[in-house]
Amino acid sequence: MSFDHLKDWIGREEEHLDVATAAPLAGLAATLDHLDPPWRAGEIPPLGHWLYFLPKAAQREIAEDGHPHRGGFLPPVPLPRRMWAGSQLEFVAPIRTGEALRRRSTIGDVQHKSGRSGEMVFVKVLHEVSTEAGLAIREVHDIVYREAPKPGEAPPPSEPSPDAVWRRPMVPDPVLLFRYSAITFNGHRIHYDRKYCEEVEGYPGLIVHGPLTATLLVDLFLRENPGARVTAYRFRARRPLFDVHPFTLCGSPRVGGATLWALDHTGQIAMSAELEAA
Ligand SMILES: CC(C)(COP(=O)(O)OP(=O)(O)OC[C@H]1O[C@@H](n2cnc3c(N)ncnc32)[C@H](O)[C@@H]1OP(=O)(O)O)[C@@H](O)C(=O)NCCC(=O)NCCSC(=O)C[C@](C)(O)C(=O)O
C-alpha cells in the first residue's frame, strides 16, 4: 500500500474562532472530581483549551469510527484505527475566561512507519491558539492511524517505571469516559461503543481518551501544586488504557516541573509526560 499521496496534505491550513466561556470549565471540574479546582482564578487551566473549537461536522459527514470522514483538513489515511499518540504544548501566555480565541491549524507532517504493532501513519498537526493579546498556546498534536487488528494482538511491553512520589488510583468507568466525550464533543466510538471497540477495532474494552489521561496527569500535579503556572507539557500515549481495569496516575517533582506517567493494571507505562512550571 502506498501512502505517498498523503504528503500532499502537508501545509494545509484551517482557522477557527471561539470564546473561552466558563460553562465547559464547570463540566471539566466536575469530571475531574473537583468542587474547588486547583486552577489559577479567572484563567483557562492547562489543557482546558481542548474544550473549545469543538468539531462541527454535520451528522451526515460522520464516518464509521464517529469522526468526520477523512480527506478534508486531515488526510484520507487508509488505515482504520485512529488514536491520539501524543502532544507537545507550550503555554506562552494565559487565556482569561471570556476572551475571544482564534486557532490556526496546519498539517506539519505525514509519515508512514512500521512499528512493533504493525503499519502506522502519523499525522502531525500544529495548532496556534491566540487571544487579542497574541499567541497563547503552541501545540503539536500527533495523530496515529493503525492497521486493522490482527488475531491475538497485544500491545508491546513498556520500559520499567520509576518510583513515584505522587500516586492516585483511577477507575475509568463508562460515566467518566462519557462525561469527557461530552465536554469535548468527541464522537469517536472507541470511547462509548463497546461492541464497535471489540468487534471492529479489536480492543478488549472502551478506550480511555488520550487527552483525558493527559489532563488527569496535569491534574495530579495541580492537586500537589495548586495555582502553579504550567509553561510546557509533553506526553506520549504508549499503550491504550481500557475501562475494564483500574489504572494509576503517578508523578515525581523535579527542578522546574515534574515527570508524570500513568500505569495500567499490569504496571506497564500507558502514558509518559514531562511538565514544566514557572
Ligand atoms: C502509538 C502506538 C500505536 C505506537 O505503536 P508501537 O508501539 O508499535 O510503535 P513503536 O514500534 O514503539 O514505534 C514505531 C515508530 O512510531 C513512533 N512512535 C511510537 N509511538 C509514538 C507516539 N506516541 N507519538 C509519536 N511517535 C510515536 C516511534 O518513535 C517509531 O518511530 P521511528 O520508526 O521513526 O523510530 C502505541 O504506542 C499505542 O497504541 N499507544 C497508545 C495510544 C492511545 O491509547 N491513545 C489514547 C487513546 S485514543 C484517543 O484518545 C482518540 C481520540 C481522542 O478520540 C482521538 O481520536 O483523537
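Atoms within a ligand are numbered from 1 in the order they appear, just like the ligands themselves.
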Lys/Arg-Asp/Glu bridge criterion (N-O < 4.0 Å) met for Asp65, Arg70: yes
So which residues, sorted by chain and number, lie with a heavy atom under 4.0 Å of ligand 1? His67, Arg82, Met83, Trp84, Ala85, Lys113, Gly115, Arg116, Ser117, Met120, Phe122, Arg146, Pro156, Asn186, His188, Ile190, His191, Ile207, Val208, His209, Gly210, Pro211, Arg236, Ala237, Arg238, Arg239, Pro240
Residues in side chain to side chain contact (heavy atoms under 4.5 Å, CB included) with Glu147, at least two apart? Leu79, Glu119, Lys150
When you measure from the side chain of Asp219 to the backbone of Thr215, do you find a donor-acceptor pair of N or O atoms at a distance under 3.5 Å? no
Residue pairs meeting salt bridge (Lys or Arg N to Asp or Glu O under 4.0 Å), one or both in residues 75-93, sequence neighbours left out, come to Arg81-Glu153, Glu90-Arg138
Who passes side chain to side chain contact (heavy atoms under 4.5 Å, CB included) against Tyr52, sequence neighbours left out? Asp18, Ala20, Thr21, Pro24, Leu25, Ile44, Leu101
Once the angle between the rings of His265 and His245 is folded into 0 to 90°, is it parallel (under 30°), tilted (30 to 60°) or perpendicular (over 60°)? parallel
